[in-house]
Number of protein chains: 2
Amino acid sequence: MDGVRLFRDYVNEKGLRNTPEREVIVREVFSTHDHFDVDTLYLRLRNKKKNISKASVYRTISLLIKSGLVKEVFFEDGHMHYEHVYGRDHHCHFRCISCKKIIEFMEEEIIDIHRKFSKSSEFEVTGHRLELFGYCRDCMEKEEKNKAG
Amino acid sequence: MDGVRLFRDYVNEKGLRNTPEREVIVREVFSTHDHFDVDTLYLRLRNKKKNISKASVYRTISLLIKSGLVKEVFFEDGHMHYEHVYGRDHHCHFRCISCKKIIEFMEEEIIDIHRKFSKSSEFEVTGHRLELFGYCRDCMEKEEKNKAG
DNA sequence: TTGTTATTGAGAATCAATTACAACAATAAT
DNA sequence: ATTATTGTTGTAATTGATTCTCAATAACAA
Ligand SMILES: [Mn+2]
Ligand SMILES: [Mn+2]
Ligand SMILES: [Zn+2]
Ligand SMILES: [Zn+2]
């Protein structure tokens, strides 16, 4: 719940202004650990009777990205999906190409790769994204039943 | 140059038709190892006086993806970027967030991660994508000069 | 050849994301 | 306090990528 405060600081540092709209959006972003897209975030706000324009949602997400508190997770169904990273351990994503389910996982090796490249003088690595694609257990089982049946 | 033939086979297998438009598009896709997006591919065709509609370019890329001969590499500037994979070794991508340059690299560890998950009975992993982000050497040097100057 | 059916190009439609702008609000300057 | 400056908002318009519609055409099998 402290990403909210960090975002306030970021806004101040940048000489921007803390507005009630930003406050509400950012609180909502940090209220869950789920992945989200602009539309679901916007609808969550509407359901709570917060009348904030979609433009402001876009603008605030853009700021959250710049602040480093939110990251783009993946692009699917024609639009971007996000998650907040403050207070969460780093992790990677497995995406089921059948049911679109997301499964998070952590592999130390990926950190090693990141470190190795960071130490080389060739690049300054600031981030990485590893996605695995395939079929989740549920969808595997469904397919096996299909073959059997 | 044989991805073209494999694509013909794929099209036949699926009961689809080999058309001159598809042939021209696919030849162009396999004519270089560069990353490409729909627009640059379309313009390359236009420059060669091939009058093929953009819709057909989209449709053929979609087939190429399904056939497994082409892969989505990354989403940037509001649209997808692709590369053909036939006849190429697997590799990952480093993307400079300053100049947008792409640098390809290969890490065995990533293959290990893929294998490890494939063997687990939890998921059936069919593919992966690893991207590193940061600053390339050129952009690092530019920034250092900025600080010094 | 002929019939069936996939494919094409052109343009319209869709949808995510950005932008222009006028009203408004917060801060700084006088 | 008053005024000027500048940031922010919502609305609506705009841009740009991608998909879709549909009538004309062409691939392929019989
Ligand atoms: Mn996640
Ligand atoms: Mn590549
Ligand atoms: Zn699944
Ligand atoms: Zn660079």
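Any value given below was found using the heavy atoms of this structure, including those in side chains, with hydrogens, waters and symmetry copies removed. Per chain, numbering begins at 1; letters A, B, ... match sequence-line order. Every value quoted in this text rests on a predicted model; they were computed, and no experiment measured them.
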| query | What does nucleotides 18-30 of chain C look like as a protein-contact string, B for base, S for sugar-phosphate only, - for none, at under 4.0 angstrom between heavy atoms? | reply | BBB----BB----
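Checking the phosphate oxygens (OP1, OP2) of C/dT7, no side-chain nitrogen or oxygen of B/Ser56 falls inside 4.0 Å. An OP1 or OP2 oxygen of C/dA10 is reached within less than 4.0 angstrom by no side-chain nitrogen or oxygen of B/Ser53.
Surrounding CG of B/Asp77 are more than 12 heavy atoms belonging to other residues, nucleotides or ligands, all under 6.0 Å away.
A straight line from CE of B/Met80 to P of C/dA17 spans 12 Å, rounded to a whole angstrom. Between B/Glu23 atom CD and C/dT8 atom C1' there is a gap of 16 Å when expressed in whole angstrom units. When rounded to the nearest whole Å, the span between CG of B/Asp77 and C1' of C/dA17 equals 13 Å. Between B/Leu45 atom CG and C/dT8 atom P the separation is 13 Å, expressed in whole Å. Atom-to-atom, CG of B/Asn51 to P of D/dT25 comes out at 17 Å; the value is rounded to the nearest Å. Rounded to a whole Å, the CG atom of B/Leu16 is 19 Å from the P atom of D/dA26. Taking atom CD1 on B/Ile61 and atom P on D/dT19, their separation rounds to 10 Å, with Å as the unit. Rounded to whole Å, atom P of D/dT8 lies 12 Å from atom CD1 of A/Ile25.
Axis angle, first five pairs versus last five pairs of the helix from C/dT1-D/dA30 to C/dT30-D/dA1: 30°, rounded to 10°.
When all heavy atoms of B/Ile52 and B/Ser56 are compared, the closest pair comes out as CG2-CB, 3.8 Å. Considering all non-hydrogen atoms of both residues, A/Leu63 and A/Tyr10 come closest at O-CE2, 3.9 Å.
The closest donor-acceptor contact from the side chain of A/His35 to the backbone of A/Val73 lies at 3.5 Å or more, if one exists at all. A/Arg22 places a side-chain N or O within 3.5 Å of a backbone atom of A/Arg17 that can act as its donor or acceptor partner.
With a 4.5 Å cut-off on side-chain heavy atoms, A/Phe117 and B/Phe94 do not count as touching. Counting heavy atoms from C-beta outward, B/Arg27 and B/Ser31 have side chains that stay 4.5 Å or more apart.
For B/His90 and B/His128, the gap between ring centers is short of 6.0 Å.
With rounding to the nearest 0.5 angstrom, the NE2 atom of B/His91 is 13.0 Å from the CD1 atom of B/Ile110.
When the nearest nucleotides of DNA chain D are assigned to B/Phe75 and A/Gly15 by heavy-atom distance, the more 5′-ward of the two goes with A/Gly15.
The side chain of A/Ile52 lies closest to D/dG10 when the candidates are D/dT18, D/dG10, C/dA17.
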